[in-house]
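Take a look at the structure below.
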Amino acid sequence: MSDFDLENYLAERQAAINAALDGLLPEPAREVDPGRLREGMRYAVLLGGKRMRPLLTIACCEAVGGEVAHALPAGCALEMIHAYSLVHDDLPAMDNDLERRGQPTVHVKFGVANAILIGDALLTSAFSVLVCGAHGIPPTSMADAVTILAKHSGIDGMVGGQALDLEEGQDIGEIGRLEQVHALKTGGLFAAAGALGALSGGARSEAVAKLERYGLAFGVAFQHADDILDDDQPALREAAAVRIRELTDECRELASGFGAAARPLRALADWIDERAARARSGENLA
Ligand code: GRG
């Protein structure tokens, strides 16, 4: 086990992410707010959340020699897309959830039609946040960055994974098929975090591809651990535990190519293992 202080590392960066999101989201008090969309966007993003996707964006940026500020535009764009996906996932036509993060879901508080628009507005704003950040991804890499973000959040990523999940239902009896869903639905945004973090730090294509792969493996392991925690897919619990270890080993191996600057990436892989082990022992980590 490393002596790296992950808790402190994450807390410092979460504070930077929350401040950046607060500044990037529209301020309803200063503008007219038809449909309370601006208020709803703030509600959907600012009321809690671990900020895992921007944290990974920052850790990948730092692994290639970049700074926290370089990764904030891409990280905040990813958090806004993550928040939109949760708003839409909670809708009556999808999971019909009434609470998220201990608060009423967006459609409960703002109405279903407004919740759809709040999600749409977060998705579209995310792209301008990515492109307009003064300290973010260099202009020469921006077309690649937009393509990566669109791919992993759209039909070949999170949206495609959600469709596959809806089609497969709860009866996926095989770990490989379950992992196809996880790779798209959850892994997509984490893969984008890896690649965009690397681009934010000025990395070349080989490092971008490695950190995209790190993000994908991390995201799938994160989702397997979440399944164990929530007791989803109980029949696949042991197979998922085996896969978590294989995926986190791959993460550590990929991170080792980036030397000391990738200590947070190694510690994050260890954190997934610990989270899975504690979930398997029945500890409530929610
Ligand atoms: C509706 C287009 C569309 C996509 C929905 C993200 C998603 C896809 C559905 C949410 C349900 C779910 C269990 C998704 C898997 C991804 C996941 C683990 C989401 C929760 O992410 P955390 O743990 O949440 O990072 P916080 O609250 O910490 O931000």
Side-chain angles (χ1 to χ4, degrees), residues 10-11 13-14 17-18 21 42-59 75-107 112 115-124 126 149-170 172 178-193 215-233 240 244 247 268 271-272 275-276 279 284-286:
L10 295 179
R13 281 148 190 80
Q14 273 161 346
I17 293 161
N18 288 334
L21 285 168
R42 295 184 75 82
Y43 182 88
V45 176
L46 297 178
L47 246 71
K50 296 181 289 297
R51 311 295 188 218
M52 291 307 300
R53 294 144 194 86
L55 285 168
L56 193 65
T57 312
I58 291 172
C76 290
L78 279 166
E79 189 65 14
M80 289 166 75
I81 291 180
H82 169 58
Y84 120 74
S85 79
L86 299 179
V87 173
H88 282 191
D89 190 64
D90 290 336
L91 286 168
M94 295 231 191
D95 277 2
N96 196 17
D97 278 321
L98 301 180
E99 276 198 11
R100 175 162 299 273
R101 300 166 172 166
Q103 306 282 339
T105 45
V106 171
H107 67 89
V112 171
I116 293 170
L117 295 175
I118 286 162
D120 293 341
L122 285 169
L123 170 60
T124 42
L149 186 58
K151 175 188 154 191
H152 285 302
S153 52
I155 186 75
D156 293 322
M158 184 185 71
V159 172
Q162 176 77 347
L164 193 57
D165 195 12
L166 290 173
E167 205 166 84
E168 295 271 351
Q170 283 300 300
I172 303 179
L178 177 66
E179 213 166 284
Q180 278 176 354
V181 173
H182 288 354
L184 291 167
K185 181 173 158 178
T186 310
L189 289 192
F190 282 100
L216 180 63
F218 180 90
V220 173
F222 176 77
Q223 185 62 67
H224 279 314
D226 226 52
D227 284 353
I228 295 175
L229 191 60
D230 296 342
D231 206 20
D232 281 344
Q233 309 290 346
I244 290 171
L247 289 159
L268 279 164
W271 175 79
I272 296 278
R275 191 170 162 81
N284 181 1
L285 307 174

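Just so you know, these numbers come straight off a predicted model, no measurement behind them. These values consider heavy atoms only, across backbone and side chains, with no hydrogens, waters or symmetry-generated copies. Remember, it's 1-based here, ligands and their atoms both numbered in the order they're listed.
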| message | Less than 4.0 Å is my threshold; does some heavy atom of H182 fall inside it relative to ligand 1? | response | no

Side chain, backbone, both or neither: which part of [X] has a heavy atom under 4.0 Å from ligand 1?
X	result
D89	both
Q162	side chain
R51	neither

Which residue and non-hydrogen atom of the protein lie closest to [atom], and at what distance in Å?
atom	value
atom 12 (C) of ligand 1	K185 CE, 3.9 Å
atom 20 (C) of ligand 1	H82 CE1, 3.9 Å
atom 18 (C) of ligand 1	Q223 OE1, 3.3 Å
atom 6 (C) of ligand 1	S85 OG, 3.1 Å
atom 27 (O) of ligand 1	R101 NE, 2.9 Å
atom 25 (O) of ligand 1	R53 NH1, 2.8 Å
atom 23 (O) of ligand 1	K50 NZ, 2.6 Å

Numbered atoms of ligand 1 (with element) below 4.0 Å of [X], judged on heavy atoms:
X	value
D226	18 (C)
G49	26 (P), 27 (O), 28 (O), 29 (O)
F222	18 (C), 23 (O), 25 (O)
Y84	2 (C)
H88	1 (C)
L86	10 (C)

| message | Could you work out, with side chain to side chain donor-acceptor pair (under 3.5 Å) as the rule, every residue matching Q103, not counting sequence neighbours? | response | none

| query | Any idea how W271 and F218 line up, ring-wise: parallel (<30°), tilted (30 to 60°), or perpendicular (>60°)? | reply | parallel

From [atom1] ([X]) to [atom2] ([Y]), nearest 0.5 Å:
X	Y	atom1	atom2	value
T57	R51	OG1	CZ	12.5 Å
Q233	Q223	CD	CD	9.5 Å
D165	M158	CG	CE	12.5 Å
I172	Q180	CD1	CD	9.0 Å
H152	I81	NE2	CD1	11.5 Å
Q14	I58	CD	CD1	9.5 Å

| request: May I ask you to decide if V87's main-chain N or O and H107's side chain share a donor-acceptor pair within less than 3.5 Å? | output: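 Pair absent, no side-chain N/O of H107 close to backbone of V87.
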
| said: Tell me whether E168 contacts the main-chain N or O of L178 through its side chain, where contact means a donor paired with an acceptor under 3.5 Å. | reply: no

| query | For atom 14 (C) of ligand 1, is some protein heavy-atom partner under 4.0 Å away? | reply | yes

| said: For R100 and D89: C-alpha separation, side-chain torsions, deciding distance, then whether side chain to side chain contact (heavy atoms under 4.5 Å, CB included) applies. | reply: CA-CA 11 Å; R100 175 162 299 273; D89 190 64; 4.1 Å; yes

